[in-house]
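Both backbone and side-chain heavy atoms feed into the values below; hydrogens, waters and symmetry mates do not. Predicted, not measured: the structure shown is a model, and the values here were computed from it. In the text below, chain A, chain B and the rest are named by the order of the sequence lines, each starting its count at 1.
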Amino acid sequence: MQPLLNGLQAWLESTRLSYFMIHSDFAWPICECLHFLGLTLLIGTVGLFDLRMLGLAKGLSLKAMHRLIGWGVLGFVINMITGSMFFAAIPYQYIYNGAFQAKMVCMLLLGTNVLIFYLTMRKKVEVLGPEDAAPFGAKVIAATSLCLWIAVICFGRAEAFFKP
Amino acid sequence: MPFYFHWFHWIERSAFSVWLRESPSALAFPNVLFLHTLAMGFVAGTNAAVDFRLLGFAPGMRLAPMEKFFPLMWAAFWVMVVTGLMLLAAYPTKAFTNPVWYAKFVFIALALVNTRLIEKRIFRDPDVDVQPVPGRWKLLAGTSLVFWAGSITAGKLLAHTYLRLFSY
């Protein structure tokens with residue numbers, strides 16, 4: 001594992017992207033702004049969808065609300081791209097960073113959670129009326145999603161305080 | 001040295017300010033930043049969802065029940081204010097000597113007025129779920145997106161644009 005990580009680090013540090021991210025006055029700040037705007041899109045769409053499944057804001061149809069998830073996906077894509085750019089710029093800051101590792105574990109769990117939702121709950125949720133309560137399984141998935149996204153933000157903030 | 005630097009110095013020397021900046025506890029500065037970020041996501045995110053709906057995305061979603069998210073949004077707003085004041089107490093000189101900080105403040109003030117207008121003009125309207133959405137409501141949604149995105153962008157840039165960290 002270690003030679004693999006060392007190789008990845010050395011390769012990333014040799015890329016023009018890494019050089020650009022470190023030496024440009026604007027690249028890093030602009031990526032940070034985009035990363036935070038992406039975070040906001042995710043909470044505003046996925047977060048509110050989770051809250052509705054948990055029973056807040058009855059009267060909203062989950063099927064209709066799901067149309068907003070596209071904005072959350074956009075936020076996620078923005079954050080994957082900008083996040084990868086931070087990682088490529090200074091890989092040693094992240095590879096050995098406990099907060100970053102925890103954040104990645106949360107992201108994997110979130111991916112699994114999303115998969116479980118679409119495989120088991122999507123049809124059950126789609127047929128619900130605006131006033132209907134979501135099934136218990138959907139509530140568990142929603143609560144898991146909210147907790148994990150909050151943890152992602154927490155670890156994301158914490159990783160900047162880590163000095164390797 | 002301008003006279004107000006003495007005030008900044010007094011704040012920076014206070015036990016609370018020193019604790020925020022220098023405590024190794026994760027409850028100090030990192031935690032305040034985390035709560036500020038989380039609250040930002042809920043406040044701007046909830047507003048963005050309402051704005052997207054007003055602009056015609058997710059047209060099948062009723063607007064009126066979206067107001068049920070507002071108590072949570074306002075609670076998050078106050079978390080944002082309190083943690084923001086704590087960040088200010090930690091680094092007053094850094095904030096007040098940076099023009100970008102004033103830009104952020106103006107953006108937040110505009111965004112706040114905009115959100116209150118959406119609450120009063122749109123959600124108080126008995127025909128809140130009228131289709132199509134009136135043009136002036138869409139305008140409010142557009143300006144809301146611009147102001148909240150401006151607040152976030154200016155806020156994030158504070159870490160990169162400050163001119164002076166301390167009064168001394």
Ring geometry between B:F8 and B:F5 (parallel below 30°, tilted from 30 to 60°, perpendicular above 60°)
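Tilted: the ring planes of B:F5 and B:F8 meet at 30° to 60°.
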Classify the ring geometry between B:H9 and B:Y168 as parallel (under 30°), tilted (30 to 60°) or perpendicular (over 60°).
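Rings of B:H9 and B:Y168: perpendicular, over 60°.
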Most chain A-contacting option - heavy-atom pairs closer than 4.5 Å, from B:T153, B:V50, B:L157:
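Option with the greatest count: B:T153.
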Contacting moiety of [X], where chain B heavy atoms sit under 4.5 Å:
{"X": "A:W71", "result": "side chain"}
{"X": "A:L39", "result": "side chain"}
{"X": "A:L41", "result": "side chain"}
{"X": "A:F161", "result": "side chain"}
{"X": "A:A57", "result": "both"}

May I ask you to decide whether A:E126 forms a salt bridge with A:K123, counting only side-chain N to carboxylate O separations under 4.0 Å?
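Salt bridge absent between A:E126 and A:K123.
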Would you call B:E67 and B:R62 a salt bridge, using N to O less than 4.0 angstrom?
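Not counted as a salt bridge, because no side-chain N and carboxylate O are separated by less than 4.0 Å.
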Between B:Y91 and B:F29, is the ring centre distance below 6.0 Å?
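Ring centroids of B:Y91 and B:F29 are less than 6.0 Å from each other.
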Select one option (side chain, backbone, both, neither) describing which atoms of [X] are under 4.5 Å from chain A's heavy atoms.
{"X": "B:M73", "result": "neither"}
{"X": "B:L33", "result": "both"}
{"X": "B:L63", "result": "neither"}

What residue, out of A:M65, A:R52, A:H66, A:H35, has the most heavy-atom pairs lying under 4.5 Å from chain B?
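The candidate making the most pairs under 4.5 Å is A:M65.
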Determine the option with the most heavy-atom pairs under 4.5 angstrom with chain B, choosing from A:L60, A:L62, A:L34.
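The residue among A:L60, A:L62, A:L34 with the greatest pair count is A:L60.
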Determine whether more than 12 heavy atoms belonging to other residues, nucleotides or ligands lie under 6.0 Å from atom NZ of B:K68.
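Buried by this count: over 12 neighbours within 6.0 Å.
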Count the heavy atoms of every other residue, nucleotide or ligand shown that sit under 6.0 Å from CZ of B:R21, and state whether that count exceeds 12.
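Enclosed: over 12 neighbouring heavy atoms sit under 6.0 Å from CZ of B:R21.
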Could you check B:T37, B:T83, B:V82 and say which one makes a side chain to side chain contact (heavy atoms under 4.5 Å, CB included) with B:V32?
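When B:T37, B:T83, B:V82 are each tested with B:V32, the side chain to side chain contact (heavy atoms under 4.5 Å, CB included) holds only for B:T83.
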